[in-house]
Amino acid sequence: MNVKLIYSKNLSDPTGASTVMRIHAEQVDRYAKAGINFEVLARDTIYKKANTANSAQKPHFSYKKLITGSLERLSRKSATAAYLWTYIRSLRPAKKLNNLLRDYIEEDDVLFFNEFVMCYYYLKQYGKGNHKIVTMFHSDGEDFTAEKERTRGFEKTWVYRMYMRRQDLVISQTDRLGFVSRMAAERFKELHKEVDTDKVFYIQNGMQSYPQRDVPIHRPIEIVCVGTINPRKNQESIVRALIKCKDNGISLDHIHFTLVGGGEKLPLLMQLSDSYGLSKTVSFVGSSNEVDRYLREADIFILPSISEGLPMAILEAMRLSLPIVSTRVGGIPETIIDGESGLLIDSTADGVYQFITHINDYDWKKMGQKSYQLFQDRFTVEKMIESYISIFKSLS
């Protein structure tokens, strides 16, 4: 059996989705032992020139950055601006990659898509043919949650109707439709009762295991958040909660937050932090290739997202024996035993505030040990790949 994973972005991108794709690429030998010839067709495995080599020759000023920055700001109010912003950043590169796929795909390949838009472009240009198709939705099971959150009134726009038509084509032509959490799969089936439930499945993300660590609890307690700093990840609620603590006369000497990641909200959060004198309580390190280092230096991991699929950042923290504080959205409740391996909080500043003001009520070291055990039981790369092998084999 030949399986081609098709991914329009770079495997080297510092995102959760790209991390999952890299894991697949690293497991070709495991797939081969199961009789599957597995190949990854991504932007940086097809294009001959590395993006990093090209970027070094580009001037600092970029009309593309200027245009996308303007469109990003307008995307809150205009679905058309949001579409153009997405087109420049994601859709156009996907179409360019799609134009090259014919040279890499054989007639008997199983096509494994991890973005609905990439699958749509393929089907529109080439048709399904004799291929079996597996499409993964790395979402919470809702239709275009991120777009609804970004653009006011998105569901009433022409862009939403167009996206739904494209999604309908993908759903109708896909043999197996997957999600990364049980909750997302169930939510999708609830919204799309016309879809045969037998073709809907879920496979939770997995990562390579690390040996269990003995995590000492520091003073001040070190709390780390890893993720692109944007409205969906909701790091602003951390800063707002710290401001509320200061306004209520609550000492912050016993805690310290480190926010790892770049993104559209980073300048605002840094400005807020400076304005309220929080420089000793919260640090911003921007994008980093040393995420593990920050996790190893932490006592607690926090992610106050308002929507998710199943975040890889949480799994990275679990495998390093950290307790998890996160929200009741997407697949996150499947990664936490509330009160035992971490805490489930509201995705608001008040939810983070309640965590901060009760931080001394819990045995965080014990919670971290339970978090690691949960990772070993459910979220290893071995379990993930075995599940995908079963899906692919069911198509033969």
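Using a cut-off of 4.0 Å between Lys/Arg side-chain N and Asp/Glu carboxylate O, Glu386 and Arg30 are scored as not salt-bridged. Salt bridge annotation for Lys365-Asp214: present, with a cationic side-chain nitrogen under 4.0 angstrom from a carboxylate oxygen. Ion pairing between a basic and an acidic side chain is recognised when a charged N comes within 4.0 Å of a carboxylate O; Arg150 and Glu264 show such pairing. The pair Asp377-Lys383 does not count as a salt bridge, with every side-chain nitrogen at least 4.0 angstrom from each carboxylate oxygen. Of the charged side-chain nitrogens involved, at least one lies within less than 4.0 Å of a carboxylate oxygen, so that Glu236 and Lys265 count as a salt-bridged pair.
Partner of Lys4 under the salt bridge (charged side-chain N to carboxylate O under 4.0 Å, His left out) criterion, chosen from Asp103, Asp108, Asp109: Asp109. Under the salt bridge (charged side-chain N to carboxylate O under 4.0 Å, His left out) test applied with Arg232, the options Glu308, Glu149, Glu147 reduce to a single match, Glu308.
Between the side chains of Tyr353 and Asn248, at least one donor N or O sits under 3.5 Å from an acceptor N or O.
Here Phe137 and Phe179 bring their ring centres to under 6.0 angstrom of each other. Between Tyr388 and His24, the gap from one ring centroid to the other is short of 6.0 Å.
The aromatic rings of Phe392 and Phe38 sit tilted, their planes meeting at an angle between 30° and 60°. Ring-plane geometry between Tyr122 and His131 is classed as perpendicular, the angle between the planes exceeding 60 degrees on a 0 to 90 degree scale with a lower cut at 30.
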Kindly determine whether Asp44 and Lys9 satisfy salt bridge (Lys or Arg N to Asp or Glu O under 4.0 Å), including the steps that lead there.
CA-CA 8 Å; Asp44 50 2; Lys9 299 178 177 63; over 6 Å; no

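Put simply, Met1 and Leu5 are part of the same group of oily side chains (I, L, V, M, F, W, Y) that touch within less than 4.5 Å, one to the next. Under the 4.5 Å side-chain contact rule for hydrophobic residues, Val195 and Ile203 do not share a cluster.
Counting heavy atoms from C-beta outward, Phe201 and Met136 have side chains that approach closer than 4.5 Å.
Between the CZ atom in Phe188 and the CG atom in Asp140 there is a gap of 12.0 Å [rounded to 0.5 Å]. Annotation: the span from Leu374 atom CG to Glu340 atom CD amounts to 9.5 Å, rounded to 0.5 Å. Taking CG of Asp175 as the start and CD1 of Ile391 as the end, the distance is 11.5 Å to the nearest 0.5 Å.
Remark: side-chain polar atoms of Arg22 are paired, donor with acceptor, to backbone N or O of Leu11 under 3.5 angstrom. A distance-only check finds no donor-acceptor pair linking the side chain of Ser8 to the backbone of Met118 [under 3.5 Å]. Under the 3.5 Å distance criterion, the side-chain polar atoms of Arg176 are left unmatched by any main-chain donor or acceptor of Ser394. A donor-acceptor contact shorter than 3.5 Å is absent between the side chain of Ser371 and the backbone of Met367.
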